[in-house]
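Model, not experiment: these values are computed from the prediction. In what follows, chains carry the letters A, B, and so on, assigned in the order in which the sequence lines appear, proteins first and then strands, with residues in each chain numbered from 1.
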Number of protein chains: 2
Amino acid sequence: MLTNERHAYILRLLDEKQTVKIQELVESTGASESTIRRDLTDLEHSRKLERVFGGAILPGQNLMEPSISDKSTQFLEEKIRIAEFASSLIQQGDSIFLDAGTTTFQLIPFLKDKDLVVVTNGLTLVEALNEQGITTYLTGGLMKPRTGAFVGSHTISALRNYRFDICFLGINGFHPEYGYTTPDPEEAAVKQMASSLSRKTFALADHSKANKISFAKIMDLDRATLIVDEISKEANAGLQKKTIVKVVAP
Amino acid sequence: MLTNERHAYILRLLDEKQTVKIQELVESTGASESTIRRDLTDLEHSRKLERVFGGAILPGQNLMEPSISDKSTQFLEEKIRIAEFASSLIQQGDSIFLDAGTTTFQLIPFLKDKDLVVVTNGLTLVEALNEQGITTYLTGGLMKPRTGAFVGSHTISALRNYRFDICFLGINGFHPEYGYTTPDPEEAAVKQMASSLSRKTFALADHSKANKISFAKIMDLDRATLIVDEISKEANAGLQKKTIVKVVAP
DNA sequence: TGCTTATGAACGATTATGATTGATTGTGGA
DNA sequence: TCCACAATCAATCATAATCGTTCATAAGCA
């Protein structure tokens with residue numbers, strides 16, 4: 001059995017059953033445990049699956065490719081609600097920055113007929129924006145393969161060419177003390193720069209990001225207005241002292 | 001068994017079974033392993049299949065067909081031949097600029113395992129480059145919806161951040177007197193800037209571009225080495241006085 | 001005949017594989 | 001909670017399969 005065949009087989013089985021066990025694969029393929037282990041390591045490295053103790057599962061926080069986004073985007077309903085509200089803050093003729101990310105991506109359908117200039121650092125976003133016929137500038141820079149986000153010094157200096165009325169940021173966590181955070185320092189730097197070039201900054205997040213802390217700090221809470229779908233009363237009270245919070249209930 | 005017969009047989013088998021093993025082919029055709037190896041290498045070069053360890057699989061399982069449909073299939077064989085030769089000019093560790101375009105797009109499969117840094121202004125190219133695991137910078141700028149090329153002042157100034165060993169340009173026409181031309185002045189400006197930042201510049205074109213003149217002039221012939229698939233003797237004589245021409249015959 | 005092309009065998013180099021090891025993690029009972 | 005046991009893990013090594021290259025021979029062609 002060819003290596004590629006095994007890989008395809010594993011992915012097919014995984015797609016059917018959501019999870020696969022290593023022992024199960026050893027038996028059904030006839031390959032050794034070591035080989036299956038290596039297969040899973042390879043496939044995880046190319047983000048096709050996620051390893052767990054004893055087997056593998058479908059990748060959780062997945063890419064934003066249209067093909068998989070439909071079924072794998074978590075909190076899609078909430079993100080759309082957040083995006084719709086965010087779009088209501090935009091004026092005709094505004095210039096806006098759209099951060100790379102799945103939540104900001106949901107903003108795009110609401111931007112039609114607004115006569116905007118949009119700048120983004122997200123590869124998937126620029127394609128969707130163009131389909132909507134919106135004038136779009138991409139920052140460029142070094143591309144992060146997994147997320148399709150552009151980062152690095154090139155991206156930062158490209159941003160300096162622009163000024164924005166509004167800046168919409170995706171974030172991975174917000175916390176009263178630690179502020180807005182995201183896993184990648186490079187992405188954090190881009191978000192900081194974009195925000196500093198904008199008259200107003202909005203942070204978009206679903207409720208799962210509440211009180212989460214990621215590795216890289218973007219900014220303190222008071223530097224951006226937070227838009228969330230729902231939030232506990234205690235948490236909200238804690239946040240209100242720091243910044244403006246807009247809760248978009250269903 | 002004739003070479004062509006074997007090739008046809010291999011492709012038929014591959015189409016049926018999705019994958020073929022070398023041992024399997026050795027047995028069923030009676031040819032030696034070396035011969036089958038050569039067959040697979042040939043067929044891979046003409047993009048009919050993709051080699052893997054122990055056999056071969058159908059090509060482009062994960063490439064994007066939709067974005068490159070009509071225009072790119074014209075003279076596809078020729079473009080691949082041109083691209084393969086062009087790739088032979090690249091040294092390990094080079095930094096190269098890849099112009100947006102269908103001919104330069106065909107270069108990408110030949111760039112694997114070359115340890116390169118690639119800069120491009122083509123949206124479709126950056127995606128394909130990333131699938132190959134090549135470190136890729138996108139210039140960014142204003143996106144031209146139809147072609148997926150980035151142009152404008154942002155693109156130009158982004159280019160100034162880099163220096164290239166080699167620059168590969170796609171063109172729409174070449175002419176002894178009028179030089180290299182392309183329809184869009186904005187794209188011409190990008191090509192000019194990229195070339196001026198490169199130690200060497202190559203213009204890639206199929207024979208249909210001979211003696212064609214488009215609206216915007218990129219540069220005179222002597223500023224770049226021309227790579228074409230074929231060309232009439234008279235035309236070649238006229239060109240040779242102006243620049244170096246490399247003809248990539250089948 | 002002389003020339004080119006296709007072929008097959010042989011070589012060392014590269015890659016995939018399977019078995020083994022000791023470390024790590026999850027499980028269940030005291 | 002703690003401990004012991006079983007399952008799983010990553011790392012290593014030796015082996016087997018496959019790879020590209022080279023060279024010599026055979027076949028096709030003028």
Going by distance alone, is a donor N or O of one side chain under 3.5 Å from an acceptor N or O of the other, for A:Arg51 and A:Thr41?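 The criterion, which ignores hydrogens and geometry beyond distance, is satisfied for A:Thr41 and A:Arg51.
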
Atom-pair distance ([atom1] on [X]; [atom2] on [N]), nearest Å:
X       : N      : atom1 : atom2 : result
A:Leu40 : D:dA10 : CG    : P     : 10 Å
A:Leu25 : D:dC9  : CG    : P     : 11 Å
B:Ile22 : D:dA16 : CD1   : C1'   : 16 Å
A:Ile36 : C:dG18 : CD1   : P     : 9 Å
A:Asp42 : C:dT17 : CG    : C1'   : 13 Å
A:His7  : C:dT15 : NE2   : C1'   : 13 Å
A:Asp39 : C:dG18 : CG    : C1'   : 13 Å
B:Glu33 : C:dC11 : CD    : P     : 15 Å

Over 60° means perpendicular and under 30° means parallel, so tell me whether B:Tyr162 and B:Tyr137 are parallel, tilted or perpendicular. tilted

Mapping A:Leu2 and B:Ser32 to their closest nucleotides on DNA chain C, which lands nearer the 5' end? B:Ser32

DNA chain C: A:Phe53 or A:Arg38, which has the more 5' nearest nucleotide?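 So the residue in question is A:Arg38.
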
Select base, sugar-phosphate, or nothing to describe what A:Val52 touches, counting heavy atoms under 4.0 Å on all strands.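 Sugar-phosphate, backbone atoms only, no base.
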
Presence of salt bridge, B:Glu77 and B:Arg47, under 4.0 angstrom: no

Measure from the side chain of [X], starting at C-beta and using heavy atoms only, and say which of [options] lies closest.
X       : options                : value
B:Ser34 : C:dA10, D:dA10, C:dT20 : C:dA10
B:Thr3  : C:dA19, C:dA6, C:dG8   : C:dA6
A:Arg37 : C:dG18, C:dT7, D:dA10  : D:dA10
B:Gln23 : C:dT17, C:dG18, D:dT18 : D:dT18

Is any side-chain heavy atom of A:Lys233 less than 4.5 Å from a side-chain heavy atom of A:Asn236? no

Within the structure provided, determine whether B:Leu169 and B:Thr201 are in side-chain contact (heavy-atom separation under 4.5 Å). yes

Does B:Arg6 have a side-chain nitrogen or oxygen under 4.0 Å from the phosphate oxygens OP1 or OP2 of C:dA6? no

